[in-house]
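Just passing along the structure, written as structure tokens.
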Amino acid sequence: EPSQEALDYAKEKGFEWEMTPIGIDALVFITGKDNPTVGLTREQIPAIYNGELTNWSQVGGPDKAIVPYLRNADSGSHTLFDLFFDLKNNDAIAKEYMVGSMIGLLEAIATYRGEDEALGYTVYYYLTNMEASTLETSKLLAVDGVMPSNDTIASGEYPLSNPFYAVIPANTPKDSKTRLLYDWICSDQGRVIAENENYVVPQK
């Protein structure tokens with residue numbers, strides 16, 4: 001979904017868009033493969049990024065400092081993060097742990113000192129379908145006891161799931177190629193294509 005900044009900018013420019021949900025993605029958290037921590041709760045995650053929880057032993061892991069990587073505020077994954085969590089202390093995490101690209105964050109988690117202190121977040125589809133090799137040296141964490149998967153995201157069992165959209169300008173003409181493509185993406189045929197590409201689509 002657009003961030004609040006994007007919504008405000010569109011309003012300022014007098015721009016309106018048309019949005020239709022076509023699938024479901026999720027915010028997921030990863031750490032080093034050998035970190036014994038199994039998962040985090042929705043209460044622990046903001047506490048970590050607000051600087052209140054600083055050691056893995058506080059969340060069932062080893063006695064090591066948590067190194068919490070985060071994305072820049074205008075990134076898609078951080079927009080999703082902001083949808084679920086309120087970071088009260090935005091300066092709690094040192095700037096050195098802010099990563100400017102999705103692949104950069106994944107590489108940081110996978111290679112951080114060859115150890116398992118690092119924590120980061122990303123988008124489920126991107127990680128599992130486009131950068132799955134990262135999971136050779138890192139692992140997904142459960143949230144509130146639920147591991148992210150196509151099934152748990154589709155059912156809504158995984159708590160950090162959210163729709164993604166096809167989007168066009170609201171004034172796009174009905175007979176334009178853009179509108180025809182948009183309508184097709186939102187159709188049952190589009191749903192089948194999405195499923196074939198391993199996107200998570202809503203359960204009927």
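Note that the structure is predicted; figures quoted are calculated from it, not measured.
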Is the shortest side-chain heavy-atom distance between Val28 and Thr122 below 4.5 Å? yes

For atom CE of Met19, is the number of surrounding heavy atoms from other residues, nucleotides or ligands below 6.0 Å larger than 12?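 Yes, enclosed.
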
Go through the structure and list residues passing side chain to side chain contact (heavy atoms under 4.5 Å, CB included) with Asp8, not counting sequence neighbours.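 Side chain to side chain contact (heavy atoms under 4.5 Å, CB included) list for Asp8, sorted by chain: Gln4.
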
Results of ring-ring contact (aromatic ring centres under 6.0 Å, His included) for Trp184 - residues two or more places apart only: none

How many angstroms lie between CZ in Arg191 and CG in Asn196, if you round to the nearest 0.5 Å? 11.5 Å

Where at least one partner belongs to residues 149-174, residue pairs that pass ring pair (Phe, Tyr, Trp, His ring centres under 6.0 Å), sequence neighbours excluded: Phe164-Tyr199

List in chain and number order the residues that pass side-chain hydrogen bond (donor to acceptor under 3.5 Å, both in side chains) with Tyr125, two or more places apart in sequence or in another chain; answer none if no residue qualifies. none

Are Ile22 and Leu181 connected into the same hydrophobic cluster when the rule is that any two of I, L, V, M, F, W, Y join if their side-chain heavy atoms are below 4.5 Å apart?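 As far as the 4.5 Å side-chain criterion goes, Ile22 and Leu181 are connected within one cluster.
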
Could you tell me if the side chain of Asn162 sits less than 4.5 Å from the side chain of Leu27, heavy atoms only?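 Side-chain contact under 4.5 Å: no.
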
Walk me through it: do Asn35 and Lys33 pass the test side-chain contact (heavy atoms from CB on, under 4.5 Å)? CA-CA 6 Å; Asn35 188 328; Lys33 185 177 181 178; over 6 Å; no

On the 0 to 90° scale, with breaks at 30° and 60°, tag the Tyr49-Phe29 ring pair as parallel, tilted or perpendicular. tilted

From Thr41 atom OG1 to Leu141 atom CG, the distance as rounded to the nearest 0.5 Å: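 With rounding to 0.5 Å, OG1 (Thr41) is 11.5 Å from CG (Leu141).
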
Is there a side chain to side chain donor-acceptor pair (under 3.5 Å) between Tyr124 and Ser161 once you walk through the steps? CA-CA 9 Å; Tyr124 175 79; Ser161 304; over 6 Å; no

Counterpart residues, side chain to side chain contact (heavy atoms under 4.5 Å, CB included), relative to Met147 (two or more places apart): Leu140, Ala142

Take Thr20 and Tyr182 through the side-chain contact (heavy atoms from CB on, under 4.5 Å) test and state the conclusion after the steps. CA-CA 9 Å; Thr20 299; Tyr182 176 82; 2.6 Å; yes

Verify the cluster assignment for Leu7 and Phe15: are they in a single hydrophobic cluster under the rule of side-chain heavy atoms below 4.5 Å apart? yes

I'd like to know if the side chain of Ser176 and the backbone of Thr172 have a donor-acceptor N/O pair within less than 3.5 Å. no

Looking only at heavy atoms, which two atoms of Pro159 and Val146 are closest? And how far apart? CD-CB, 4.4 Å

Any side-chain heavy-atom pair from Ile66 and Thr54 closer than 4.5 angstrom?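 Side-chain contact under 4.5 Å: no.
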
Is a side-chain N or O of Thr31 found less than 3.5 angstrom from the main chain of Ala118, in a donor-acceptor match? yes

Within a strict 4.5 Å, meaning less than it, do heavy atoms of the Val192 and Asp188 side chains meet? no

Would you compute the distance between atom OG1 of Thr178 and atom CD1 of Ile168 and round it to the nearest 0.5 angstrom?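 Answer rounded to 0.5 Å: 7.5 Å.
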
With a 4.5 Å cut-off on side-chain heavy atoms, are Glu157 and Asp151 touching? no

Per the salt bridge (charged side-chain N to carboxylate O under 4.0 Å, His left out) rule, what does the pair list look like for residues 174-183, sequence neighbours excluded?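 Every pair satisfying salt bridge (charged side-chain N to carboxylate O under 4.0 Å, His left out) with a residue in residues 174-183: Glu18-Arg179.
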
Quick check on the hydrophobic clustering: are Ile185 and Leu180 connected, directly or via other members, by side-chain heavy-atom contacts under 4.5 Å?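 They do not share one cluster, since no chain of ILVMFWY contacts under 4.5 Å joins Ile185 to Leu180.
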
Side-chain H-bond candidate by donor/acceptor type, Ser57 with Asn55, under 3.5 Å: yes

Flag side-chain contact, heavy atom, 4.5 Å: Trp56 against Leu119: yes

Quick check: Tyr121 with Phe81 (ring centres under 6.0 Å apart)?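 Yes, close enough.
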
Shortest non-hydrogen contact from Val59 toward Thr37: O-CG2, 3.8 Å

Do Arg42 and Val143 have side-chain heavy atoms sitting under 4.5 Å apart?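 In short, these two side chains touch, coming nearer than 4.5 Å.
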
Rounded distance [0.5 Å steps], CG in Leu83 versus CG in Leu160: 9.5 Å

